[in-house]
Amino acid sequence: MAVEWLKFMNVLAEIKQRFAGVLGSYAESNNVESLLAMIKPAQDSRFGDYQANCAMSLGKRLSRAPRDIAAEIVEKVQLDDLCDNVEIAGPGFINLTIRDDYLAQQVVQALADDRLGVPAVTTERTYVIDYSSPNVAKPMHVGHIRSTVIGDSLARTLKFLGHQVIRDNHLGDWGTQFGMIIYGYKHFVDLDAYAVNPVAELSRLYRLVNQLVDYYKSKLQLDLLLEQIKIRQEKIEELSALDLTGDESQDKKLKKSRQRAATQLDQAKSNYEAVDQKLSAIDNDATLSQLVLAHPDIAKSVLLETAALHAGDEENVKLWKDFLPKCRADIQKIYGRLDIEFDVEYGESFYHEMLSGVVQKLRDQDLATDSKGAVCVFLEDFDTPMIVQKSDGAFLYSTTDLATIQYRVAQWQPDEILYVVDHRQSEHFQKLFAVAQSWIADSVQLRHISFGTVLDEHGRPYKTRSGSAVGLEGLLDEAVAKALEIVSADSGDGNSEYALTTQQCAEVANAVGHGAIKYADLAHNRTSDYVFSYDKMMALEGNTATYMQYCYARVQSIFRKGEVDLEQIRVTADSVNLDHSAERLLALTLARYAEALDEVLEDYRPNQLTSYLFDLAKRFSSFFEQCPVLQAEDDAIKLSRLRLCDLTARTIAHGLDLLGIGVVQQM
RNA sequence: GCGCCCAUAGCUCAGCUGGAUAGAGCAACGGACUUCUAAUCCGUAGGUCGCAGGUUCGAAUCCUGCUGGGCGUACCA
């Protein structure tokens, strides 16, 4: 059955299937796949709907004229019922135009299908997705959004396509930050504040201790920076003492070096100033400077508190057990707002007791060896080893990650584990995967779904320290507030027909505000860095979630006005009319939803779905302008257009849902 | 030093294992609301795809070198 659906529901897959047999006669079996990959949507509508580019490639391989081969292929492939125009163009492109009645049939079938014509996969796989994974005691900030939102969307998409998915939030619930909080609690806690709002107080303690630790770190850094400035200044002097030789390439190099040295000096200076400012800010604060003086060994003490916790110190463990649920509940609040869910949340602490076993096992298998007091796994292709136990006996995140893989494999036997983590950790994962493969020697595929850095308006990475990083919660609040402003303004401009109640305004603002933030993230190719800009994201026009939500609301408005019985038009659908070019284009796009989802999973890129949805919404808007629905020239066309509206709205809502974004009935 | 990634329109970004005249969205300019929601639509303008070579019928895409930027680089996560 699933195969039947596949044949009917995915136009591209259907075309490929038609070509497969014929192409097979030209190529080795292992090449058929690559030839089929050359069949794709046409880049330009003048070339039809789909194009097959395999004849050129075959021409070279077989030393024959590509156009002849193309003609031969076209002759043999059975396309009559699918295409009404098959052309050979240019050097040997095969351009295909899909028949209107075939497109209409796609729409009709999707209308009556809860899955909107998207087939479930025939071979179901099991995925573990590791995403979000914040440190529980630190306030979440913008940097956390990508992993959370991308991971969530991939999980939704995989699930919808019929895979088994285990969503695992690998919380940082066992690290140094708890040492900080414990130290802070022991020395600075305001018990009244803690009673009223424990998480806010813990967060204050974290920031405070972090600030004090940072002060001493910066102090050390300051000397180093001074030294650096001196060295760089000397280098500049050295370089300027050199005379130009007259040799063109050498002189060019010298000039480059001078320039480079100058910018490096500038950098060092501005670094120095930044650190210096940070320090004097504390020095000038009476309370803070006193605290700094009173806790000179704070960095070391924090480490000791952490170590004590890990060693099972009664008091620290008790505090940790007290703090943890409160912190988790706080994070949960944000997940609730963002509609993010997990199947399990096994944080780092969950694996704590397995770590010594991991190291022992690595030793037993001669994978790990002692080096400079630490336990290391040396790997080919890497200059540095993966350290699994420090010289002081403490374990590291690599150890935890290995334990985690071991556990996941034993527990769920996944086919694939996806780590949605930023690209800076790619070397870590390369090592981790290399060790895990030789260690567990399992067939599980391990994959780092890396993503780029979120940059600020100046193109610099968002900073996590110094408290100046934008908290995620505040960010969401601002987005919703901004959306509310726009909704309320629109609603209050006298057009009573579309005026929304306060309650409705709030709902719309929620969907629009949160949607804007998620969409801005998902719409970028995950591998590139992107600039995070409130203004752009909350412009709520152009390529934003709002555009899609607006399309959806417009359709609902038509249904309300026309008092349309949706169930009726879905079930009774026998055909749709595609005579108008806007209708046809819309239907073609609707029929491609399954293709878009395939593209998402091809390389785990949700931006394939956002661009599909934007495309769909644009085509709907164009249709909406050109094709009256309720006022259509006759009832048959009206019904046909209502069906196109219905499928569009459902596809948009469904696609947005896979992105974790909601819709509203009216806006 | 070594490794990984990036450079596309004024700005922010797409561009799917090489395919036809490189695309969007903002911003700019010109049009369209007594007609299903103008959070919209239609149009105009805007690019030597960082530079130089190479591979081939064909390169933003693959290879080499260069320039400029980001990140990582033995006991943080």
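To find a chain, count down the sequence lines: A is the first, B the second, and so on, and within it residues start at 1. Just so you know, these numbers come straight off a predicted model, no measurement behind them.
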Legend entry - Between B:C16 and B:U73 - P atom distance, rounded Å: 31 Å
Inset, instruction - Pick base, sugar-phosphate or nothing for A:T384, based on heavy-atom distances below 4.0 Å to the nucleic acid. - result: sugar-phosphate
Inset, instruction - Using a heavy-atom cut-off of under 4.0 Å over every strand shown, decide if A:L630 touches base, sugar-phosphate, or nothing. - result: base
Inset, instruction - For A:A553, answer base if it contacts any base atom (sugar-phosphate contacts may also be present), sugar-phosphate if it contacts only those atoms, and nothing otherwise; contact means non-hydrogen atoms under 4.0 Å. - result: base
Inset, instruction - Could you please name the partner base of B:A20, counting Watson-Crick and G-U wobble pairs only when both distances are under 3.5 Å? - result: none
Legend entry - Pairing of A:D49 and A:R592 as salt bridge, 4.0 angstrom limit: no
Legend entry - Ring centroid separation A:F350 to A:H170 under 6.0 Å: no
Inset, instruction - Find the distance A:Q43:CD to B:A60:P and express it as a whole number of Å. - result: 12 Å
Inset, instruction - Just name whichever nucleotide pairs with B:C2, Watson-Crick or G-U, keeping both distances under 3.5 Å, else none. - result: B:G72
Inset, instruction - Could you work out the separation of B:G31 and B:A52 based on their P atoms and round it to a whole Å? - result: 42 Å
Inset, instruction - For this output row, return yes or no: ring centroids of A:Y547 and A:Y550 closer than 6.0 angstrom. - result: no
Inset, instruction - Tell which nucleotide pairs with B:U44, taking only Watson-Crick or G-U wobble pairs whose two distances are both under 3.5 angstrom. - result: B:A28
Inset, instruction - Round to a whole Å and report the spacing from CG of A:N543 to P of B:A24. - result: 12 Å
Legend entry - Rounded P spacing from B:A22 to B:C13 in Å: 23 Å
Inset, instruction - Could you point out which residue of A:F451, A:Y131, A:F433, A:Y604 forms a ring-ring contact (aromatic ring centres under 6.0 Å, His included) with A:Y419? - result: A:F433
Legend entry - C1' atoms of B:G70 and B:A28, separation to the nearest Å: 32 Å
Legend entry - Between B:A60 and B:G18 - C1' atom distance, rounded Å: 10 Å
Inset, instruction - Let me know the distance between CE of A:M56 and P of B:G58, rounded to the nearest Å. - result: 12 Å
Legend entry - Counter-base of B:G53, judged by Watson-Crick or G-U geometry with both distances under 3.5 Å: B:C63
Legend entry - Whole-Å gap separating C1' (B:A14) and CG (A:N607): 8 Å
Legend entry - A:F93 ring over B:G19 six-membered base ring, under 5.5 Å and 30°: no
